A.B. asks: 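Mind having a look at this structure? Questions to follow.
Just so we're on the same page: letters track the sequence lines, and every chain starts at 1. What you see is a predicted model, and the numbers here were worked out from it, not measured in a lab.
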Amino acid sequence: MIVEVEAYDGDDPAAHGFRGRTERNASMFGPPGHAYVYRSYGIHWCLNLVCAEAGAPEAALVRALEPTTGLDAMRARRGVDDARLLCSGPGRLCQALGITREQDGLPLDVPPFELRARPAAVEVVTGPRIGLTRAVERPWRYGLGGSRYLSRRFVR
DNA sequence: GTATTGATCTTCT
DNA sequence: GAAGATCAATACA
């Protein structure tokens, strides 16, 4: 269950697509409903849900999940036991799910991906995005209120 | 609890 | 040559 995301668009100096299309960020330019997976700090993979229409780069970075199924497989891939450390961070969740460049550009509505709507209304909290040096002030981080699986607490 | 550092890919200056 | 949508290990409070 997705509990934390951040938004990025083409007018955003902090976004990868801001300076145009490159080999790495190509899938961020659409079509929508696909995955954008990129290498972070040379070590980790990070997963975005592409929202781009009409060739403008837009995507939501998935920053944290609450693991609900496949806990043992996640533990095996991550090498940790604590459920709260399995997916609480963009690099962590990709390691837990086994996501790499192989999934870059794949549609999100067919296997191995599957997206479902939330079962009921939830409380969404917002705040500044994490780890940026540009456009720091934009409150484009969204989280599930009170979740214990966020990458970092939201200040209330 | 906070602070610092190393890992080392891709893009930008 | 430097910075970056990060994490884990280590040091210290």
A.B. asks: Indicate whether any N or O donor in one side chain lies under 3.5 Å from an N or O acceptor in the other, for A:Arg78 and A:Gln95.
C.D. replies: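 A:Gln95 and A:Arg78 do have a side-chain donor-acceptor pair below 3.5 Å.
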
A.B. asks: If I take atom CZ in residue A:Arg141 and atom P in nucleotide C:dA5, what distance separates them, rounded to the nearest angstrom?
C.D. replies: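 One finds 15 Å between P of C:dA5 and CZ of A:Arg141, rounded.
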
A.B. asks: Quick one: label A:Asn25 by what it contacts on the DNA or RNA (base, sugar-phosphate, nothing), any heavy atom closer than 4.0 Å.
C.D. replies: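 Since no nucleic acid heavy atom lies under 4.0 Å of A:Asn25, the category is nothing.
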
A.B. asks: Rounding to an integer number of Å, can you tell me how far A:Arg63 CZ sits from C:dT6 C1'?
C.D. replies: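 Checked: the CZ to C1' distance equals 9 Å.
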
A.B. asks: Quick one: is C:dG4 close enough that its OP1 or OP2 comes under 4.0 Å of any side-chain N or O from A:Ser40?
C.D. replies: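 A:Ser40 to C:dG4 OP1/OP2: no side-chain N or O under 4.0 Å.
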
A.B. asks: Does A:Arg134 or A:Arg78 map to a spot on DNA chain C nearer the 5' end, using the closest nucleotide for each?
C.D. replies: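 So the residue in question is A:Arg134.
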
A.B. asks: Have a look at A:Glu23 and say if it touches a base, only the backbone sugar-phosphate, or nothing, with a 4.0 Å heavy-atom cut-off.
C.D. replies: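 Counting heavy atoms under 4.0 Å across all strands, the contact made by A:Glu23 is with sugar-phosphate only.
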
A.B. asks: Over all strands shown, is A:Arg129 touching base, sugar-phosphate only, or nothing at heavy-atom distances under 4.0 angstrom?
C.D. replies: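 It contacts nothing in the nucleic acid.
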
A.B. asks: Are there over 12 heavy-atom neighbours, none belonging to A:Arg138, within less than 6.0 Å of that residue's CZ?
C.D. replies: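 Check passes, neighbour count above 12.
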
A.B. asks: Calculate the interatomic distance between A:His44 atom NE2 and B:dG6 atom P; express it in whole Å.
C.D. replies: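 Atom NE2 in A:His44 sits about 15 Å away from atom P in B:dG6.
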
A.B. asks: With a 3.5 Å cut-off and just heavy-atom distances, do the side chain of A:Tyr38 and the base of C:dA5 make a donor-acceptor pair?
C.D. replies: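 Result: at least one qualifying N/O pair found.
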
A.B. asks: Mind calculating the distance between CH2 (A:Trp45) and P (C:dA5) to the nearest angstrom?
C.D. replies: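 Nearest whole value for this atom pair: 16 Å.
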
A.B. asks: What's the CG-P distance between A:Leu85 and C:dA9, to the nearest Å?
C.D. replies: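 Whole-Å distance recorded here is 10 Å.
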
A.B. asks: Between A:Glu4 (CD) and C:dT6 (P), how many Å, whole number?
C.D. replies: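 After rounding, the reported distance stands at 10 Å.
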
A.B. asks: I'd like the C1' distance from B:dT10 over to C:dA8, given in whole Å.
C.D. replies: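 C:dA8 and B:dT10 have their C1' atoms separated by 22 Å.
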
A.B. asks: Rounded to whole angstrom units, what separation is found between the OH atom of A:Tyr41 and the P atom of C:dA3?
C.D. replies: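 So the OH-P distance, A:Tyr41 to C:dA3, works out to 11 Å.
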
A.B. asks: Now, which nucleotide makes the Watson-Crick or G-U wobble pair with B:dT8, with each of the two distances under 3.5 Å?
C.D. replies: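 Base partner found: none.
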
A.B. asks: Around atom CD of A:Glu137, are there more than 12 heavy atoms from other residues, nucleotides or ligands closer than 6.0 Å?
C.D. replies: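 For A:Glu137, atom CD is crowded (more than 12 foreign heavy atoms under 6.0 Å).
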
A.B. asks: Ignoring hydrogens and geometry, is there a side-chain-to-backbone donor-acceptor pair from A:Glu66 to A:Val3 under 3.5 Å?
C.D. replies: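 Checking the backbone N and O of A:Val3 against the side chain of A:Glu66, no donor-acceptor pair under 3.5 Å is found.
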
A.B. asks: On DNA chain B, does the nearest nucleotide to A:Ile43 precede the nearest nucleotide to A:Arg101 from the 5' side, or the other way round? Give the residue.
C.D. replies: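 That would be A:Ile43.
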
A.B. asks: Among C:dA5, C:dC7, B:dC12, find the nucleotide with the atom closest to the side chain of A:Thr22.
C.D. replies: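 Nearest to the side chain of A:Thr22 among the choices is B:dC12.
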
A.B. asks: So, is A:Arg39 close to the C:dT6 phosphate, meaning a side-chain N or O under 4.0 Å from OP1 or OP2?
C.D. replies: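 Answer is no, no contact under 4.0 Å.
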
A.B. asks: From C-beta outward on A:Arg24, which listed nucleotide comes closest to its side chain: B:dT10, C:dT6, C:dA5?
C.D. replies: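 For A:Arg24, the side-chain atoms sit closest to B:dT10.
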
A.B. asks: Just the rounded figure in Å: distance from P of B:dT11 to CZ of A:Phe18.
C.D. replies: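 From A:Phe18 CZ to B:dT11 P: 17 Å.
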
A.B. asks: I need the single residue from A:Tyr8, A:Tyr36, A:Tyr38 that forms a side chain to side chain donor-acceptor pair (under 3.5 Å) with A:His16. Which is it?
C.D. replies: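 So, applying the side chain to side chain donor-acceptor pair (under 3.5 Å) to A:His16 and each of A:Tyr8, A:Tyr36, A:Tyr38, only A:Tyr36 qualifies.
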
